[in-house]
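First the structure, which I've put down as structure tokens, then a few questions once you've had a look.
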Amino acid sequence: MVSPAPSTPAPSTPVTPLRVLICDEMNPGNLTHAGFEIDYEGNMDRAETLRRLPDYDALITRSRTRVDRELIDAAGPRLKVIGRGGVGVDNIDLEYASRRGLLVLNAPESNNVSAAELAVMHLMAAARGLTRSDRKTRAGEWDRKFLGLELTDKTLGIVGLGRIGSIVADRAQGLHMKVVAYDPYVPESKFERLGVERAASLDDLLERVDALTVHTPLTDETRGMIGAAQLARLKQDAIVVNAARGGIVEEQALVDALHSGKLFAAGVDVFVDEPPAPEHIFLGAPNLGITAHLGANTREAQERVGAEIVSRVLDALRGDVSKGAVNAPALDAKTMEQLGGYLDLGEKLGRILTQLLPGGHEVEVTFRGEFPADPAPVVTAVLVGYLSGSTDETPNMINARALARERGVTLSVREEEDSPDYQTEVIVRVLTRSGEKERVRQVGGTVFGKSPRLTRLRHYRVELEPEGYILIASNQDKPGAVAKLSNLLGTWGINIAGMALGRAEKGGQALFTLTLDDNLTPEQLQAIRDLDVIESAYLVKV
């Protein structure tokens, strides 16, 4: 018997590697990765980039290359990911990239240590009069009479205990400083882990510290948050450092405090407008150390940022988009058609809650009724709203869950078949703990057609459109409260665009909400709280 000849195996189809183009100068680290072909072409000219980009799955840039509509259109359908080495993405048309379904990534954490060390450098230089002595010595004046300050046993106040603020706290503790921080968005567990005392309010922080440094994102809430009134609350001869974002510390207020002698010294790495004009007020201010936005500019940070953005782009091409996502490419058309109004509602409910109860430990989302599609994306939208303005990264539909985990926020979801008052209702509950004390806030809403409606504040039923500025006030259910408040708003020329009333029981505590055309100043909000018919009042911006 003759054995059959062995069969010849069918030739395997070669796997086409995913291709990545790096078109700007950086230190990208190892470029050999299985399944990928990475071409490093630093300082590639635009014409060559336009010509070659259609052959790549991902593009990595720094700030030199403009990733605009022309470049995105030239890339064609193969391009999936755009990576930006560093923090900013000003050179990328985010809106158009998102519309085209392109994921945009950056690597902001790579600069954290360098940025934190620069802030500490400014703190130490201000304490010892480094810039003052340098200037005088170069001018031929040998001034040994200047007395600096020791930082040991002094109290450092940190506004913003995110990644960079946490590193500054660690370095300051190494200098044997006591550290107190104000960050309403960070849970108590992080303060305990870092050994940092929590300030009850910004004013509480300012009145207790010998030196102040800010490390928050620049938002509507933080722009100008350290102004003349806040600087006046500091101790005499305090030190102020801003190595975060220009405008968090008001520039004119800082210069005035230096000229008056209120501050011992200050250090800044950032300006509102960069580079500054030759006549900028900082350039002639006394006892002010200045650097040219150098927070990320160390050899080590630049090496990390290149390797990190390459790693994140490769992870994204493999399907892991949990790190560094700056935008959120649109959901498919069917999902948007079915859930678009609910996604908008979820984000607005989250935004309201982060203003009513920031720094939550637990977020619970309850879906009542039968939704037109799986409502899971609405949970992510709630987190996008709740984390907005409180993290070093901008939350979006891609990174929100990862950012929540990083903040120590636990997430739970419940589904109930019936909705007693509406066809569908989304209820979001946030809980925060401080020692044995717990605080809870709850809001709810529904969608009429495509339009979100607020239906629940705490245990009160309301119904209003969540837009603009919403004043939430509680009072005893007696006549006259709304009239008194309306009259007061009228004296300020503030128009009421909408109103909703709710109460737990007749004659008991009641709640009413007013949608206002304009914002309220802190003084106006306090005047409302001082009315004899008002028990509490809060203003939220949606």
Side-chain angles (χ1 to χ4, degrees), residues 15-111 296-297 301-332 392-399 402:
V15 177
T16 303
L18 294 168
R19 302 190 69 198
V20 178
L21 174 64
I22 304 174
C23 64
D24 285 348
E25 277 194 358
M26 64 178 67
N27 187 338
N30 176 32
L31 296 181
T32 303
H33 298 268
F36 295 94
E37 181 182 313
I38 304 174
D39 293 332
Y40 174 57
E41 304 284 352
N43 287 326
M44 178 182 284
D45 67 53
R46 185 173 181 85
E48 185 68 1
T49 305
L50 289 166
R51 184 183 70 82
R52 292 180 57 179
L53 193 53
D55 296 328
Y56 290 88
D57 301 278
L59 173 70
I60 296 178
T61 76
R62 290 302 302 270
S63 58
R64 184 188 67 93
T65 298
R66 287 184 297 107
V67 186
D68 51 18
R69 291 190 177 208
E70 180 188 32
L71 200 71
I72 292 171
D73 287 340
R78 180 167 178 174
L79 189 70
K80 305 175 186 68
V81 180
I82 300 168
R84 162 68 162 87
V87 180
V89 287
D90 296 342
N91 59 312
I92 299 173
D93 188 334
L94 277 179
E95 181 181 350
Y96 192 63
S98 299
R99 215 158 52 227
R100 287 288 304 272
L102 299 175
L103 177 67
V104 179
L105 306 169
N106 67 354
E109 304 94 333
S110 305
N111 305 327
N297 287 28
Q302 296 310 303
E303 290 174 359
R304 281 194 301 269
V305 76
E308 184 65 26
I309 193 60
V310 169
S311 174
R312 290 185 174 187
V313 166
L314 300 191
D315 284 345
L317 289 173
R318 295 185 187 105
D320 179 2
V321 296
S322 61
K323 292 182 179 180
V326 176
N327 68 335
L331 296 170
D332 63 86
D392 298 332
E393 295 182 50
T394 301
N396 55 51
M397 294 294 288
I398 293 174
N399 65 13

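Numbering starts at 1 and runs along the sequence shown. All heavy atoms count here, side chains included; hydrogens, waters and symmetry mates do not.
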Hey, is the main chain of Asn399 close enough, under 3.5 Å, to the side chain of Asn396 for a donor-acceptor pair? yes

Shortest non-hydrogen contact between Gly324 and Arg312, atoms and distance: CA-NH1, 3.3 Å

Hey, could you give me the CG/CD1 distance between Leu314 and Ile60, rounded to the nearest 0.5 Å? 7.0 Å

Would you confirm whether Ser311, through its side chain, and Ala307, through its main-chain N or O, come within 3.5 Å as a donor-acceptor pair? no

Which pair of non-hydrogen atoms, one from Ala74 and one from Pro54, has the smallest distance, and what is that distance? O-CG, 3.1 Å

May I ask you to say whether Asp55 pairs ionically with Arg52, meaning some side-chain N is under 4.0 Å from a carboxylate O? no

Just wondering, do Arg100 and Asp73 contact through their side chains at under 4.5 Å, heavy atoms? yes

Contact summary for Met26 and Gly306, nearest pair of heavy atoms: SD-CA, 4.1 Å

Please examine the side chains of Ile309 and Leu105, heavy atoms only from C-beta on, and report whether any two atoms are closer than 4.5 Å. yes

Checking salt bridge (charged side-chain N to carboxylate O under 4.0 Å, His left out) for the pair Asp315/Arg318: CA distance, chi angles, key distance, verdict? CA-CA 5 Å; Asp315 284 345; Arg318 295 185 187 105; 2.9 Å; yes

Between Asp93 and Arg66, is the closest basic N to carboxylate O distance under 4.0 Å? no

Under 4.0 Å between a Lys/Arg side-chain N and an Asp/Glu carboxylate O for Asp57 and Arg78? yes

What's the spacing between Thr61 OG1 and Arg64 CZ if we round to 0.5 Å? 9.0 Å

Please find the pair of heavy atoms, one from Leu103 and one from Ala325, that lie closest to each other, and give the distance. CD1-CB, 4.1 Å

Flag if over 12 foreign heavy atoms under 6.0 Å of CG, Asp90: no

dist Leu53:CG -> Arg19:CZ (nearest 0.5 Å) comes out at 10.5 Å

Over all atoms of both residues, closest heavy-atom pair of Asn327 and Ala97: ND2-C, 4.3 Å

Do Glu41 and Cys23 come within less than 4.5 Å of each other through their side chains, counting heavy atoms only? no

Could you tell me if the side chain of Asn91 sits less than 4.5 Å from the side chain of Arg84, heavy atoms only? yes

Separation of Tyr96 OH from Leu71 CG (nearest 0.5 Å): 11.5 Å

Note: Leu317 and Ala58 closest approach over all heavy atoms is CD1-CB, 3.9 Å

Give, for atom CD of Glu308 and atom CD of Glu109, the distance between the pair rounded to the nearest 0.5 Å. 6.5 Å

Indicate yes or no: at least one non-hydrogen side-chain atom of Asp39 is less than 4.5 angstrom from one of Tyr56. yes

Which residues satisfy the salt bridge (Lys or Arg N to Asp or Glu O under 4.0 Å) test with Arg46, sequence neighbours excluded? Asp68, Glu70

Working note: Glu25 + Asn43, criterion side chain to side chain donor-acceptor pair (under 3.5 Å); need CA distance, chi angles, decisive distance, verdict. CA-CA 6 Å; Glu25 277 194 358; Asn43 287 326; 2.8 Å; yes

Using side-chain heavy atoms (C-beta onward) and a distance below 4.5 Å, is Phe36 in contact with Pro17? no

Arg69 bridged to Glu95 by N-O distance under 4.0 Å: no

Determine yes or no for a side-chain-to-main-chain donor-acceptor pair under 3.5 angstrom, with Asn111 supplying the side chain and Val305 the backbone. no

Who passes salt bridge (Lys or Arg N to Asp or Glu O under 4.0 Å) against Lys323, sequence neighbours left out? none

Quick one: pull up CD1 in Ile22 and CZ in Arg62 and give me the separation to the nearest 0.5 Å. 11.5 Å

